[in-house]
Number of protein chains: 2
Amino acid sequence: MEPHEPDLAAVPVTSVLAALADDVRLQIVRALAEGGESACGSFDFGISKATRSHHLKVLREAGLTRTRAAGTSRLVRLRRDELNELYPGLLDAVLTQRPPA
Amino acid sequence: MEPHEPDLAAVPVTSVLAALADDVRLQIVRALAEGGESACGSFDFGISKATRSHHLKVLREAGLTRTRAAGTSRLVRLRRDELNELYPGLLDAVLTQRPPA
DNA sequence: ACCCTTGTTCGACAATAATCGAACAACGAC
DNA sequence: GTCGTTGTTCGATTATTGTCGAACAAGGGT
């Protein structure tokens, strides 16, 4: 099975941005940025596992994450370096927590 | 009539990203970045004026542009400085033209 | 005044995307 | 092998968003 992890340069910018333009996925990305490689199940916001799987797929296919199998789990990690090389400032801009209004 | 140009800091990050995650709007933003303040009508990609007006509204309400009346036209401009202050690197990341695949 | 140009708004429709439950697959443990 | 855990995939539903034509509004020119 191909894990469908595209070359980041081959992904349209709009797809990268769209992947980040969702609250749930942004929470996932932030968790990954803080906690490093994590199992899918660790992203337990108030959503079903079907929905979680969907969001992880969107992130993966947008070139933002990589996934590898580890026993019965799957470990997900941010493609930080590639992201920073191709879109310098983008991750930081998105990850920076600003004071609540 | 209120032009509905919110404080950028009050706009959720996801809304800013969503505004940029569309091909038509990205073309508009690029045109604004290159050409400076422009009339709405100058963004003549293959869309109706209703659709164009809609996209400009999305950009404006996401805090990305400002609009002012000028005779029978309306001039739109990018809120570059505010954007770069609040999301350093974001505009550059999005504007940078990478070589086509 | 009248018309033309420029935009916006409305209502409808089409396309896209988020969400869920249920069924399925892979693995480890026992 | 069987069972429980962890994820994925399928099908359906709902919500959101892009798109358009038509109607409307505001200005400038003649």
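No experiment lies behind these values; they were computed from the predicted model shown. The sequence lines fix the lettering, A, B, ..., with proteins before strands; numbering per chain opens at 1.
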Worked check of side chain to side chain contact (heavy atoms under 4.5 Å, CB included) between B:L26 and B:R30: CA-CA 6 Å; B:L26 212 43; B:R30 284 183 174 132; 4.0 Å; yes

Rounded to whole Å, how long is the line connecting atom [atom1] of [X] with atom [atom2] of [N]?
| X | N | atom1 | atom2 | value |
| --- | --- | --- | --- | --- |
| B:R52 | C:dT8 | CZ | P | 8 Å |
| B:K57 | C:dC10 | NZ | P | 7 Å |
| B:R68 | C:dG7 | CZ | C1' | 16 Å |
| B:F45 | D:dC20 | CZ | P | 13 Å |
| B:R60 | C:dT9 | CZ | C1' | 12 Å |
| A:H54 | C:dA22 | NE2 | P | 20 Å |
| A:D44 | D:dG7 | CG | P | 11 Å |
| B:L75 | D:dG27 | CG | P | 14 Å |

Within the structure shown, what part of the strands sits under 4.0 Å from [X] by heavy-atom distance: base, sugar-phosphate, or nothing?
| X | value |
| --- | --- |
| A:I47 | sugar-phosphate |
| B:S53 | base |
| B:A39 | sugar-phosphate |

Nearest-nucleotide 5' precedence on DNA chain C, A:H55 against A:T72: A:H55

Partners passing side chain to side chain contact (heavy atoms under 4.5 Å, CB included) against A:D92 (at least two apart in sequence or in another chain): none

Side chain proximity check, B:I28 to B:H55, heavy atoms < 4.5 angstrom: yes

Presence of salt bridge, B:E37 and B:R66, under 4.0 angstrom: no

DNA chain C contacts among residues 19-28 of chain A, heavy-atom distance under 4.0 Å: A:D22, A:R25

B:K49 side-chain proximity, nearest of D:dT6, C:dT8, C:dC20: C:dT8

A:S38/A:V76 under side chain to side chain contact (heavy atoms under 4.5 Å, CB included): CA gap, chis, key distance, verdict: CA-CA 5 Å; A:S38 317; A:V76 184; 5.9 Å; no

Distance below 4.0 Å between B:T51 side-chain N/O and D:dG18 OP1 or OP2: no

